[in-house]
Amino acid sequence: MKFGLFTISTFDLIPMCKRLSNAILEANDQHVVEIHECTLPGNTVYDERVRFYSIGSYKSRDHFNTQSIWFKIIKTVRLAFNLLFFHIKNRKSVTYTIDLLSLNCLLIFKRLFFFNDIIVVYHQFELLEVSDLSKFQKFTLNLFSKLKSGLDLFICPEQNRITYFIEYTGLQQNQAYLLPNTCYPVEIPQDEKSKNVSDKITLIHIGNVGYNHYISEYLDFLEQIADPEKFHFLFVGYMPDDVVNLIRSREIQGLELIGAVPHHELPKYYEKADIGFILYRDLGLNYRYCAPNKLYEYWANGIPVIAPSLPGLTPLFKNEPQGLLIDMDNPDDFFRKATSYIEKLNPHSYAEYLIDYFKKEYDLKIHQEKLLDTIASKQNS
């Protein structure tokens, strides 16, 4: 079976897309995966069997955020051409996308050219909050509402997001599929299972952090507990200049700023961590119903998580080794509960238990097998 992954943007910043492409190839040696995207060099390493077709290239993450109108027009034309050519060659195939513009192109071509044997899959990572959309984005969303019958599967990482999208577009529940934004468990060698038991505890934040997140509150907390003999604080991921300046201005002892690194280099930082932090503030539905990749990566590496009490996170925290949710708007609550939890980790570690729990509940391999079975059932129906 031929699988075409198409986006007007890039898959390179979404680890799940790499994992899904790998799962497709591993499920059957006869499967072929083509990826049509704007490339962002140095971010993601794919399986060597994946076939790449570039519709444009972002020179850097800043270019990704500041692309010109002319560049947008060129990549849109290239995407449309690639989509049409792919479907003419492959009348029976699965087409996967992560953005609404690409999805609408797919559904229009499917209707115009009677590509009835094409399975169309839309994977939504960012919730499309209607009140925050531009006029063009609202147009594309309303256009999808007219074309939605051609969509075979809508994938989303969190149930509230599925409910919201269905209510706005009129999509049918049987077209939706819940796939946690998870990953694979990490195997800790027997001789390293006590790696977190040490005199120094490492607190880590992985991924992007904005000035309007709980960064100031987190830095206040770090200032209170800072002791270079006892703690090490790591920030790994892209941060805008105002956040970098804020962190450096605090001059917190034992704090290290790593900056953005390719996703395949993150394991060496996870290995150092004892507790992971998530600092999202409830700034809208997209954050309120967050189910971030880094949450599952923390757990997969045996790292408990401290995070704000958001509705998207609350159902996922079921036992103490997973971590705790706190009111980050309340400095006393933040300090009291976080320090109490941290004290339990020294010298005790939850790593081994947490990884075993992750294997049973969130191992991506289990979810991928179910997803591929669901797609196969769509092909055979």
* T7 versus E37, side-chain donor and acceptor atoms under 3.5 Å ->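 No, no side-chain donor-acceptor pair sits under 3.5 Å.
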* Asked: Would T95 and H87 count as having a side-chain donor-acceptor pair, cut-off 3.5 Å?
  ->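 Yes - a donor-acceptor pair under 3.5 Å links their side chains.
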When you compare the side chain of [Y] with that of [X], does any pair of heavy atoms fall below 4.5 Å?
| X | Y | result |
| --- | --- | --- |
| Y218 | H213 | no |
| T10 | T39 | no |
| I166 | Q173 | yes |

* To do: Search all heavy atoms of S102 against all heavy atoms of L83 and return the closest pair with its distance.
  =>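 So the minimum-distance heavy-atom pair works out to O-CD1, 4.2 Å.
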* Asked: Taking all non-hydrogen atoms of both residues, which atom of Y184 and which atom of F358 are closest, and how far apart?
  ->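 In this case the closest contact between Y184 and F358 is C-CE2, 3.8 Å.
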Check the hydrophobic clustering (I, L, V, M, F, W, Y; side-chain heavy atoms under 4.5 Å; chains of links allowed) and say if [X] and [Y] are grouped together.
| X | Y | value |
| --- | --- | --- |
| F233 | Y238 | no |
| L179 | Y164 | no |
| V120 | I8 | yes |
| I206 | I258 | yes |
| L20 | F125 | yes |

* Is the count of non-hydrogen atoms from other residues, nucleotides or ligands lying under 6.0 Å from Q253 atom CD greater than 12? ->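 Result for CD/Q253: open.
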* Asked: Can you tell me if NZ on K89 sees more than 12 non-hydrogen neighbours from other groups inside 6.0 Å?
  ->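 More than 12 within 6.0 Å, yes.
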Salt-bridge present ([X], [Y]; N to O < 4.0 Å):
| X | Y | answer |
| --- | --- | --- |
| D332 | K337 | no |
| E229 | K200 | no |
| D152 | K378 | no |
| R281 | E217 | yes |
| D47 | K18 | no |

Return the [atom1] to [atom2] distance between [X] and [Y], rounded to the nearest 0.5 Å.
| X | Y | atom1 | atom2 | answer |
| --- | --- | --- | --- | --- |
| D327 | Y214 | CG | OH | 6.5 Å |
| L79 | L84 | CG | CG | 11.0 Å |
| N174 | L153 | CG | CG | 10.0 Å |
| L100 | T140 | CG | OG1 | 4.5 Å |
| I73 | R78 | CD1 | CZ | 12.5 Å |
| Y289 | I162 | OH | CD1 | 13.0 Å |

Indicate yes or no for a side-chain donor-acceptor contact from [X] to the backbone of [Y] under 3.5 Å, with no hydrogens or angles considered.
| X | Y | answer |
| --- | --- | --- |
| E158 | R161 | yes |
| N245 | R248 | no |
| K110 | I118 | yes |
| D363 | K365 | yes |

* Asked: Does the pair I275 and Y350 meet the rule for a side-chain contact (heavy atoms from CB on, under 4.5 Å), with working shown?
  -> CA-CA 10 Å; I275 297 180; Y350 292 135; over 6 Å; no
* Aromatic centroids of F52 and Y46 separated by under 6.0 Å ->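 Yes, the ring centres sit under 6.0 Å apart.
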* To do: Step by step, work out the side-chain contact (heavy atoms from CB on, under 4.5 Å) result for C183 and Y362.
  => CA-CA 8 Å; C183 55; Y362 299 114; over 6 Å; no
* To do: Among Y168, F165, F154, find the residue that satisfies the ring pair (Phe, Tyr, Trp, His ring centres under 6.0 Å) test when tested with F144.
  =>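 When ring pair (Phe, Tyr, Trp, His ring centres under 6.0 Å) is applied between F144 and each of Y168, F165, F154, only F165 qualifies.
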* Asked: Looking at F86, Y53, Y96, which one forms a ring pair (Phe, Tyr, Trp, His ring centres under 6.0 Å) with F6?
  ->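 Single ring pair (Phe, Tyr, Trp, His ring centres under 6.0 Å) partner of F6 among F86, Y53, Y96: F86.
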* If the plane angle is over 60° it's perpendicular, under 30° parallel, otherwise tilted; pick one for Y270 and Y298. =>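 Ring orientation, 0 to 90° scale: perpendicular.
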* To do: Check the angle between the aromatic planes of H31 and F3 and answer parallel, tilted or perpendicular using the 30° and 60° thresholds.
  =>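 Ring orientation of H31 relative to F3: perpendicular.
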* **Trace of the side chain to side chain donor-acceptor pair (under 3.5 Å) decision for N293 with R19** => CA-CA 12 Å; N293 184 76; R19 292 164 183 156; 3.1 Å; yes
